[in-house]
Amino acid sequence: MELLMLNKVSYQYEKTEKPVLKDITCAFETGRLYCVTGASGAGKSTLLSLIAGLDIPTSGEILYDGQDIAAVNRDDWRSKKIGVIFQSYNLLQNATATENVLLSMNIAGNSNSNSLSEAYELLSQVGINKEKANRKILKLSGGEQQRVAIARAIAGGSPILAADEPTGNLDGNNEKAIMEIFQQLAHDKKKCVIVVTHSQEATTYADEVIMMQNGCLKEM
Ligand SMILES: Nc1ncnc2c1ncn2[C@@H]1O[C@H](COP(=O)(O)OP(=O)(O)OP(=O)(O)O)[C@@H](O)[C@H]1O
Ligand SMILES: [Mg+2]
C-alpha cells in the first residue's frame with residue numbers, strides 16, 4: 001500500500017491569478033526512490049513544500065497512511081514523519097556537522113546518552129568521517145555539506161525523506177555519490193525518498209520518475 005497519497009491536490013499562492021498545481025494525483029511507496037522533474041516554474045518546489053507540511057493544499061488532500069496530513073499537528077509531521085533537505089541545506093554554519101545532526105535528533109525526541117555515537121554513525125553512513133564530523137559546517141565543501149544535510153534529515157528516523165535539488169551545486173562525482181546514498185536509504189533502509197531534480201543523470205537512479213509540466217503531471 002502507498003505510504004503517501006496525493007489526491008487531486010491543487011495549490012494557488014495568495015494574491016495570484018491562477019493555481020500553480022492543478023489536480024495532482026500520485027502515490028509514493030515505502031522503499032522506493034522517486035525523482036520529480038520538469039521545467040523551471042513547473043511547480044516542483046511547491047509540491048515538495050506541501051508534502052513537507054510547510055503549506056496546505058488549496059484543494060485536495062495529502063494522505064499519510066490514509067490520514068489527511070492537514071489534520072496532523074504540523075510540528076509533529078515535520079519532526080517525526082518527514083525529513084526535508086532544502087537546496088540551501090539550512091545547516092547552522094557555525095556549529096559542527098555532529099552538532100547539526102544532534103540538534104535534529106533532539107527535535108525528534110530521540111535524545112539519549114547514545115546520541116553522540118548515533119550522530120557519528122549517521123554521518124559515517126553518508127561518508128563523513130569523525131574528523132570532518134567535528135568540523136564547523138563552513139569548513140566543509142558543498143558536497144560534504146549536502147551529506148551532512150542528508151544525515152540531519154534522516155536523524156529524526158522519519159519514514160519519508162524529501163529533497164529539493166540536492167545535487168544542484170555538485171559536480172558529477174558528488175552527484176553520483178549523493179544519489180547512491182538516496183538509493184540506499186530507499187532500498188536498504190526502506191525509506192520513501194522523493195527528490196526534486198533538474199538533472200537527467202540524477203533521474204537514472206530513480207525507481208520512478210514523476211514529470212511535471214505547468215502544475216500538472218505529465219504522462220511518461
Ligand atoms: N511565494 C510565491 N508566490 C507567488 N508565486 C510563487 C511563489 N513561489 C513560487 N511561485 C510561482 O509558482 C510557480 C511554481 O514555482 P516552483 O518554485 O514550485 O517551481 P519549480 O518547478 O520548483 O521551479 P525551479 O525548477 O525553477 O525551482 C512559478 O510560476 C513561481 O513563479
Ligand atoms: Mg524549485
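For the single chain, residues carry numbers from 1 onward in sequence order. Keep in mind that the numbers below use all heavy atoms, side chains included, and drop hydrogens, waters and symmetry copies. Counting starts at 1 for both ligands and their atoms, following the listed order. Because the structure is a prediction, the values reported are computed rather than measured.
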Validation row: Thr197, Val36 side chains within 4.5 angstrom (heavy atoms): no
Atoms of ligand 1 close to Val20 [distance to a heavy atom under 4.0 angstrom, numbered from 1]: 12 (O), 13 (C)
Exercise check, heavy-atom protein proximity under 4.0 Å to atom 7 (C) of ligand 1: yes
Student check: side-chain heavy atoms of Val193 and Val195 closer than 4.5 Å: yes
The Mg ion (ligand 2) neighbourhood, protein N/O/S only, threshold under 2.8 Å: Ser45 OG
Side chains of Thr16 and Gln12 in contact at under 4.5 Å (non-hydrogen atoms): yes
Atoms of ligand 1 close to Ala39 [distance to a heavy atom under 4.0 angstrom, numbered from 1]: 21 (O)
Any N/O pair Glu165/ligand 1 closer than 3.5 Å: no
Interatomic distance, Leu138 atom CG to Leu92 atom CG [nearest 0.5 angstrom]: 11.0 Å
Between Asn134 and Thr96: side-chain donor-acceptor atoms closer than 3.5 Å: no
Proximal ligand 1 atoms for His198, defined as those under 4.0 Å from one of its heavy atoms: 25 (O)
Heavy-atom pair with the smallest gap, counting every atom of His187 and Asp207: NE2-OD2, 2.9 Å
Gln200 atom CD, over 12 foreign heavy atoms within 6.0 Å: no
Flag for Ser49-Tyr11: side-chain donor and acceptor within less than 3.5 Å: no
Distance flag for atom 31 (O) of ligand 1, protein heavy atom under 4.0 Å: no
Atom 25 (O) of ligand 1: nearest protein contact (heavy atom, Å): Lys44 NZ, 2.7 Å
Identity and separation of the nearest protein heavy atom to atom 15 (O) of ligand 1: Thr46 OG1, 3.8 Å
Short N or O distance, Gly43 and ligand 1, threshold 3.5 Å exclusive: yes
Identity and distance of the protein heavy atom lying nearest atom 17 (O) of ligand 1: Ser45 CB, 3.7 Å
Shortest protein heavy-atom distance from atom 9 (C) of ligand 1, along with the residue and atom involved: Tyr13 CE1, 3.5 Å
Which residue and heavy atom of the protein sit nearest atom 26 (O) of ligand 1, plus the separation: Ser40 OG, 2.5 Å
Protein contact to atom 14 (C) of ligand 1 [nearest heavy atom, distance to 0.1 Å]: Gly41 O, 3.4 Å
Least distance between heavy atoms, Lys22 atom then Asn214 atom: NZ-O, 2.8 Å
Any pair counted as salt bridge (charged side-chain N to carboxylate O under 4.0 Å, His left out), so long as it reaches residues 46-72, sequence neighbours left out: none
Side-chain donor-acceptor pair present, Thr167, Gln146, cut-off under 3.5 Å: no
Under 3.5 Å side-chain donor-acceptor pair for Gln125 and Glu121: yes
